[in-house]
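To start, the structure itself, in structure tokens.
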Amino acid sequence: MTPDWHPPAASGPLDATVTLPGSKSLTNRYLVLAALASETSRLRRPLRSRDTELMAQALRGLGASVDDATSLHALADPDWIISPATLRGSGSIDCGLAGTVMRFLPPVAALCDGPVAFDGDEHARVRPMATIIDALRDLGVTVDDEGRGTLPFVVRGTGSVRGGTVRLDASASSQFISALLLAAPRFDEGLTVIHEGKPVPSVPHIEMTVEALRDAGAEVDDSEANTWRVEPGELLPLDVTVEPDLSNAAPFLAAAAVTRGTVRVPSWPQHTTQAGDRIRDVLDQMGADVTLDGHALTVSGDGLSGIDIDLHEAAELTPVVAALTACAEGPSIIRGVGHIRGHETDRIAALATEIGAFGATVTEREDGLRIDPGPLRPATFHTYADHRMVMAAAVLSLAAPGTVVEDPGTVAKTLPGFVGLWETMLGTAAG
């Protein structure tokens with residue numbers, strides 16, 4: 001636990017430019033593919049956060065080399081140079097609370113020449129893992145989990161995976177599909193993944209995985225609904241610049257709307273597979289002025305209206321959007337996000353409790369939340385070791401000065417510099 005944070009109040013409308021580091025989702029996908037590639041890769045402007053550092057350290061433990069290199073961008077973190085190696089077992093992986101580590105790396109561990117143990121934080125031990133464990137068993141991989149379907153477990157690699165076809169229900173997380181696809185080029189027969197069940201959440205994340213695979217030269221057929229075919233073959237080395245993390249941009253852009261000011265995020269991509277890009281639509285529908293040009297995304301606020309929105313494909317935005325709706329005029333409904341009960345915490349229950357403590361009436365629904373705004377008052381916002389809850393608390397604090405945020409350091413999972421960026425941004429308010 002880190003000391004409580006007292007976010008400063010905005011003294012007036014904001015007029016700020018916030019430059020954000022790279023996408024966590026892209027950084028960790030590129031790291032995995034680089035470790036499986038035929039030659040050395042370079043990631044430019046990668047995100048350096050707890051989740052990505054855990055991924056880098058895990059890949060080192062499996063035999064890859066992940067080293068720092070000078071970046072051409074003066075304000076950016078060092079680039080990463082990744083040299084692949086023969087995958088080795090007989091090690092252990094600390095997953096922390098990173099879904100990408102605990103789900104993306106078991107199929108890679110199956111390619112190792114010995115056992116690999118997986119474990120993580122206390123909260124990680126309740127995150128669902130049975131889908132990927134069962135899929136690996138269907139492919140002939142031995143996984144010892146004592147029937148838990150969660151961490152900790154051991155993947156007993158034999159140096160190769162035959163591949164073929166696997167059927168699974170990925171309605172709890174798109175990460176199960178991405179995990180199998182990322183390792184599939186190294187399987188002897190490649191892999192066909194068939195989803196059978198309710199609609200897969202966060203489909204843009206699967207599209208991101210497919211695009212990253214194609215960047216590395218993999219042959220992927222995703223032309224049939226709920227079916228992905230990856231051919232076996234060599235992965236080419238990468239030399240890529242990681243896009244800014246658009247989900248991490250959400251609270252800063254929301255701040256423009258709440259304070260009736262303007263916030264710009266440079267280098268917003270014209271085309272992206274990041275689910276966080278959906279924040280543009282959310283803010284537009286709530287009444288903000290949203291402009292994307294060749295240099296930046298700019299959001300200006302002039303009052304907020306309630307919204308009825310399905311965030312099934314961008315559920316990671318739910319905490320920030322929920323906080324934003326508590327600051328709006330009129331009720332809002334967030335739909336399609338029932339699966340976020342299995343994220344870092346039960347986000348639906350946590351948001352209902354925490355936002356409700358500030359004076360809004362928040363009702364849990366089977367697949368989301370209903371938020372009826374009320375006069376907001378400051379309170380202590382508990383964050384449940386969940387980085388997105390810190391971001392939601394920051395947005396709420398703009399409408400409830402005096403808010404106290406518990407354990408803000410948990411935001412280091414995806415954006416270690418969040419508190420500093422936030423406080424710098426608020427220093428641009430017109431007094």
Side-chain angles (χ1 to χ4, degrees), residues 23-33 51 55 95 97-108 124 127-136 149-150 166-184 191-215 218 220-230 243 245-248 250 272-279 310-319 334-344 346-348 367-368 386-388 413-414:
S23 160
K24 176 197 74 174
S25 297
L26 282 169
T27 297
N28 273 356
R29 282 164 173 78
Y30 289 145
L31 281 170
V32 173
L33 291 172
D51 277 18
M55 180 66 84
C95 302
L97 197 52
T100 50
V101 178
M102 69 181 72
R103 290 168 178 160
F104 288 3
L105 291 187
V108 177
R127 298 193 71 176
M129 288 294 299
T131 301
I132 195 68
I133 290 171
D134 291 344
L136 289 173
T150 63
V166 65
R167 299 174 183 271
L168 75 169
D169 181 353
S171 56
S173 174
S174 66
Q175 288 178 345
F176 298 130
I177 293 172
S178 289
L180 293 164
L181 298 182
L182 287 168
L191 187 66
T192 298
V193 179
I194 301 173
H195 164 68
E196 297 177 335
K198 295 179 180 179
V200 179
S202 303
V203 169
H205 283 102
I206 301 176
E207 295 170 350
M208 177 187 292
T209 299
V210 169
E211 187 171 281
L213 278 160
R214 288 173 175 156
D215 288 343
V220 187
D221 182 356
D222 60 347
S223 59
E224 184 179 348
N226 296 318
T227 301
W228 298 263
R229 170 65 189 169
V230 181
E243 297 173 359
D245 194 306
L246 308 188
S247 294
N248 283 346
T272 183
T273 53
Q274 290 191 61
D277 190 45
R278 184 74 190 282
I279 192 64
D310 188 324
L311 288 178
H312 188 254
E313 293 194 350
E316 64 206 53
L317 295 177
T318 302
I334 299 174
R335 307 176 185 272
V337 296
H339 58 285
I340 68 173
R341 292 188 184 277
H343 280 206
E344 282 80 348
D346 179 340
R347 285 180 173 167
I348 291 176
D367 71 336
D386 187 334
H387 57 131
R388 300 292 179 201
K413 184 177 192 296
T414 50

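Every heavy atom of this structure was used, including side-chain atoms; hydrogens, water molecules and symmetry mates were not. Sequence positions, counted from 1, serve as the residue numbers for this chain.
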Any side-chain heavy atom of [X] within less than 4.5 Å of one from [Y]?
X	Y	answer
T272	E243	yes
L105	M55	yes
H205	I177	no
S23	L246	no
V193	L181	yes
V166	L191	yes

Handout entry: Interatomic distance, L33 atom CG to L213 atom CG [nearest 0.5 angstrom]
Key = 5.0 Å

Completion exercise
Rounded to the nearest 0.5 Å, the CD1 atom of I348 sits from the CD1 atom of I334 at a distance of 9.5 Å

Handout entry: No-hydrogen, no-angle side-chain donor-acceptor test under 3.5 Å, H387 and T414
Key = yes

Least distance between heavy atoms, [X] atom then [Y] atom:
X	Y	answer
S202	S174	O-OG, 3.5 Å
M102	M129	O-CE, 2.9 Å
A314	A275	CB-O, 3.5 Å
I206	S178	CA-OG, 3.9 Å
H339	H312	CE1-O, 3.8 Å
H195	D169	CE1-OD1, 3.5 Å

Problem - Sidechain N-carboxylate O distance under 4.0 Å for R214, D222 - result: yes

Problem - Sidechain N-carboxylate O distance under 4.0 Å for D51, K413 - result: yes

Would you say [X]'s side chain and [Y]'s backbone share a donor-acceptor pair under 3.5 angstrom?
X	Y	answer
D221	R229	no
R127	L97	yes
D346	R341	no

Completion exercise
side-chain contact (heavy atoms from CB on, under 4.5 Å) test vs E207 passes for just one of V210, V203, T209, namely V203

